[in-house]
Amino acid sequence: MIHDRTSAHLAHLREEAPDAILARIKTELVLPAAEDGYVLVDGPYGELYVAFNDEGISHVRAAATVAGPLAFEAAFVAEVGRGVTGAARPPAGLARALSSGSSRHLRFDLRQLSDFARAVLRTTLEIPAGQVRPYGWVARELGKPGATRAVGTALNRNPVPVLIPCHRVVRSDGTVGEYAFGTPMKETFLAREGVPLRTLAEYGKHGVRFTGSDTTNIFCYPTCHHALRTTDAHLVTFHSEGEALAAGYRPCRVCRPAAQAS
């Protein structure tokens, strides 16, 4: 009905207005911009398709997972519900984010997500390159300690992986867990960022969740930069927050391994 009225209006105007004016009316009123732009860029571990619009970056996909640009465009339309077309240049700050491993300065278009999912992704942005946190940490940071499974679901549906680093969220037993690009890709990302995956797996086998320093009496997640500075001679391990607290250790203020941190 709206389309019919618009066509009739244009037909009426055609009798009175020059072609140039009619073309502008069609462009601005009948066919408003509804497409995102996208670029193919070199990511830290392979090429990436990155889609974006005026709101921010809206979609990221590893080029290796799709059969060329047409396949990416089709997948974007199916998943996002908007058109997408190639852009002349990437959004500002993208190259810096990909090289540094930090995307906190970027804007993201996450309008299609729930408030909870957006909160999960904003929290995940805080995890530095080379470090990991368990799903339960994200849930607790959001004030919803029982929402670990929901956190995992939100991360698995992250529309902008790599830039919002859901690969840095792992299982509490030391295994890496699922990933949008597949578990092997997640392991590759983490290994290249310097995450000691073998050490985490070994800790997991023995139920170790935290490490501490007997010189500072502070305990951390094992990949926290404070924990990684602790020498073997002063390293202690803990199986739970309660065990660390009972031993007189304080939670690290940076990686926040316990709800008692302030």
> Would a 4.5 Å heavy-atom cut-off, applied to side chains only, mark Asp36 and Thr85 as touching?
Replying inline: no
> Mind checking what makes side-chain contact (heavy atoms from CB on, under 4.5 Å) contact with Arg198, not counting sequence neighbours?
Replying inline: none
>> Before you tell me yes or no, could you show the steps for Arg209 and Ser240 under side chain to side chain contact (heavy atoms under 4.5 Å, CB included), namely the whole-Å CA-CA distance, both residues' side-chain angles and the distance that decides it to 0.1 Å?
In response: CA-CA 6 Å; Arg209 300 291 181 263; Ser240 67; over 6 Å; no
> Distance from Cys220 atom SG to Arg229 atom CZ, nearest 0.5 Å?
Replying inline: 9.0 Å
> Are any side-chain N or O atoms of Ser103 and backbone N or O atoms of Leu163, one a donor and one an acceptor, separated by less than 3.5 Å?
Replying inline: yes
> What residues form a ring pair (Phe, Tyr, Trp, His ring centres under 6.0 Å) with Tyr45, not counting sequence neighbours?
Replying inline: Phe189
> Taking atom CG of Leu94 and atom OG of Ser99, what is their separation to the nearest 0.5 Å?
Replying inline: 9.5 Å
> Have Ser100 and Ser102 got a donor and an acceptor in their side chains that come within less than 3.5 Å?
Replying inline: no
> So among Val160, Leu125, Leu155, Val138, which one has a side-chain contact (heavy atoms from CB on, under 4.5 Å) with Cys166?
Replying inline: Leu155
> Could you state the interatomic distance from CG (Leu48) to CZ (Arg61), rounded to the nearest 0.5 Å?
Replying inline: 11.5 Å
>> When you compare the side chain of Ser58 with that of Phe76, does any pair of heavy atoms fall below 4.5 Å?
In response: yes
>> For Arg122, give me all partners under salt bridge (Lys or Arg N to Asp or Glu O under 4.0 Å), at least two apart in sequence or on another chain.
In response: none
>> Run the side chain to side chain contact (heavy atoms under 4.5 Å, CB included) test on Phe238 and Tyr249 for me, step by step, so that the C-alpha distance in whole Å, both residues' side-chain angles and the decisive distance to 0.1 Å come before the verdict.
In response: CA-CA 10 Å; Phe238 300 104; Tyr249 282 69; 3.6 Å; yes
> Centres of the Tyr38 and Phe52 rings: under 6.0 Å?
Replying inline: no
> With no hydrogens and no angle check, is any side-chain donor or acceptor of Lys186 less than 3.5 Å from a backbone partner on Arg168?
Replying inline: no
> What residues, two or more places apart in sequence or in another chain, satisfy ring pair (Phe, Tyr, Trp, His ring centres under 6.0 Å) together with Phe108?
Replying inline: none
> Can you tell me how far the CD atom of Glu187 sits from the CZ atom of Arg192, to the nearest 0.5 Å?
Replying inline: 12.5 Å
>> Any heavy-atom pair between the side chains of Tyr49 and Glu73 that's under 4.5 Å?
In response: no
>> Quick test of your reading: applying side chain to side chain donor-acceptor pair (under 3.5 Å), list the pairs with at least one residue in residues 149-167, sequence neighbours left out, ordered by first then second residue.
In response: His167-Glu193
> Are Thr211 and Val236 close enough that some pair of their side-chain heavy atoms sits under 4.5 Å apart?
Replying inline: no
> Mind checking what makes salt bridge (Lys or Arg N to Asp or Glu O under 4.0 Å) contact with Glu126, not counting sequence neighbours?
Replying inline: Arg256
> Any sub-3.5 Å donor-acceptor pair from Arg133's side-chain atoms to Ile127's backbone N or O?
Replying inline: no
> Should we count NE2 of His206 as having more than 12 external heavy atoms under 6.0 Å?
Replying inline: no
>> Restricting to non-hydrogen atoms, name the atom on Val254 and the atom on His226 that form the minimum distance, rounded to 0.1 Å.
In response: CG2-NE2, 3.5 Å
>> Would you say that Leu110 contacts Ile164 through its side chain, given a criterion of any heavy-atom pair below 4.5 Å between the two side chains?
In response: yes
> Got a sec, which residues hit ring pair (Phe, Tyr, Trp, His ring centres under 6.0 Å) with Phe210, two or more places apart in sequence or on another chain?
Replying inline: Phe219, Tyr221
> Apart from Val77 itself, what residues make up its hydrophobic cluster when side-chain heavy atoms of I, L, V, M, F, W and Y under 4.5 Å apart count as a link, directly or indirectly?
Replying inline: none
> How about Pro69 and Leu40: do any of their side-chain heavy atoms sit closer than 4.5 Å?
Replying inline: no
>> Taking side-chain hydrogen bond (donor to acceptor under 3.5 Å, both in side chains) as the definition, give me every residue that meets it alongside Glu178, ordered by chain and number, with sequence neighbours left out.
In response: none
>> What verdict does the side chain to side chain contact (heavy atoms under 4.5 Å, CB included) test give for Thr215 and His234, after you've listed the backbone C-alpha separation in whole Å, the side-chain angles of each residue and the deciding distance to 0.1 Å?
In response: CA-CA 7 Å; Thr215 60; His234 296 284; 3.2 Å; yes
>> Treating Glu141 as the side-chain partner and Trp137 as the backbone partner, does any N or O pair qualify as donor plus acceptor under 3.5 Å?
In response: no
>> Are Val132 and Val176 packed together at the side-chain level, in the sense that at least one heavy-atom pair is separated by less than 4.5 angstrom?
In response: no
> For the hydrophobic clusters of this structure (ILVMFWY residues joined by side-chain heavy atoms under 4.5 Å, transitively), does one cluster hold both Val170 and Val162?
Replying inline: no
>> Test of understanding: with side-chain hydrogen bond (donor to acceptor under 3.5 Å, both in side chains), list the residues that count as partners of Gln112, not counting sequence neighbours.
In response: none
>> Counting C-beta onward and ignoring hydrogens, is there a side-chain heavy-atom pair between Pro128 and His225 closer than 4.5 Å?
In response: no
> Given a cutoff of under 4.5 Å between side-chain heavy atoms of I, L, V, M, F, W and Y, with clusters grown through shared members, what are the other residues clustered with Tyr203?
Replying inline: Val208, Leu235
> Does the Thr175 side chain pair with the main chain of Gly177, one donor and one acceptor, at a distance under 3.5 Å?
Replying inline: no
> What pairs meet the salt bridge (charged side-chain N to carboxylate O under 4.0 Å, His left out) rule with one or both residues in residues 89-115, with sequence neighbours excluded?
Replying inline: Arg82-Asp109, Asp109-Arg111, Asp115-Arg118
